[in-house]
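Below: the structure, in structure tokens.
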Amino acid sequence: ALKLVNKNGCAIKSLSNSFKKDREIVLAAVRNDGFAIADADIKFLDDKEIAIEAIKNNKNTFLLLHGKLTMDKDILTLVGLDQHIKKGEK
């Protein structure tokens, strides 16, 4: 499964749920195709490291993230929205 997603991140869509919950598989998939995060287990939409790797591949994956990550300073900076960070926030 790891070799498969390294070549084609979207291939995660066809894998079993156990692979979609595997952090190493998901990380490899989003590094290949940021939108693979959409087919991974929902818990990864709250995982900062996975989110950052997905955004590095495709900034539009920011739109898929959950709550707190959409206001995270590092993520907002990565997508060019750091001007929306309120003073004093981390």
Side-chain angles (χ1 to χ4, degrees):
L2 189 57
K3 284 183 180 181
L4 182 63
V5 296
N6 273 327
K7 289 183 181 180
N8 178 5
C10 285
I12 195 170
K13 184 178 233 170
S14 65
L15 298 177
S16 70
N17 285 339
S18 62
F19 289 118
K20 293 176 183 182
K21 293 179 180 184
D22 184 295
R23 196 166 201 288
E24 183 181 10
I25 300 288
V26 173
L27 193 55
V30 300
R31 284 180 174 154
N32 179 271
D33 185 326
F35 276 105
I37 198 171
D39 294 308
D41 189 83
I42 196 166
K43 70 182 179 183
F44 293 112
L45 294 174
D46 287 318
D47 185 306
K48 186 173 177 177
E49 182 185 4
I50 299 282
I52 286 173
E53 291 301 321
I55 291 167
K56 283 180 182 177
N57 180 273
N58 187 324
K59 289 184 181 181
N60 292 322
T61 58
F62 171 78
L63 300 171
L64 300 173
L65 302 180
H66 284 174
K68 67 179 181 178
L69 287 182
T70 62
M71 297 307 295
D72 182 90
K73 177 184 172 192
D74 297 328
I75 297 221
L76 288 171
T77 300
L78 197 57
V79 296
L81 295 173
D82 47 323
Q83 70 273 16
H84 294 288
I85 300 169
K86 296 177 185 167
K87 289 186 180 191
E89 285 189 356
K90 295 180 180 177

Side chains of Leu65 and Ile55 in contact at under 4.5 Å (non-hydrogen atoms): yes
Arg23 and Phe44, any side-chain heavy atoms less than 4.5 Å apart: yes
Pairwise side-chain contact, Asn57 with Phe35, heavy-atom cut-off 4.5 Å (strictly under): no
Asp41 side chain near Asn17 side chain, heavy-atom distance below 4.5 Å: no
Nearest heavy atoms of Leu45 and Leu69, plus distance in Å: O-CD1, 3.4 Å
Glu24: partners by side-chain hydrogen bond (donor to acceptor under 3.5 Å, both in side chains), with sequence neighbours left out: none
From CD (Glu49) to CG (Asp74), nearest 0.5 Å: 12.5 Å
Set of salt bridge (Lys or Arg N to Asp or Glu O under 4.0 Å) partners for Lys13, sequence neighbours left out: none
pair Lys7-Asn32: side-chain heavy atoms closer than 4.5 Å: no
More than 12 heavy atoms of other groups within 6.0 Å of Ile42 CD1: no
Any side-chain heavy-atom pair of Leu4 and Leu15 under 4.5 Å: yes
Shortest non-hydrogen contact from Asp33 toward Gly9: CB-CA, 4.1 Å
Heavy-atom neighbours of Phe19 CZ exceed 12 at 6.0 Å: no
Atom pair CZ (Arg31) and CD1 (Ile50), whose distance is rounded to the nearest 0.5 Å: 8.0 Å
Which atom of Ile37 lies closest to which atom of Ala51, heavy atoms considered: CD1-CA, 4.3 Å
Under the side-chain hydrogen bond (donor to acceptor under 3.5 Å, both in side chains) test, residues paired with Lys43 that sit two or more places apart: none
Inter-residue atom distance Ile52.CD1 - Thr61.OG1, 0.5 Å rounding: 11.0 Å
Shortest non-hydrogen contact from Asp46 toward His66: OD1-CB, 2.9 Å
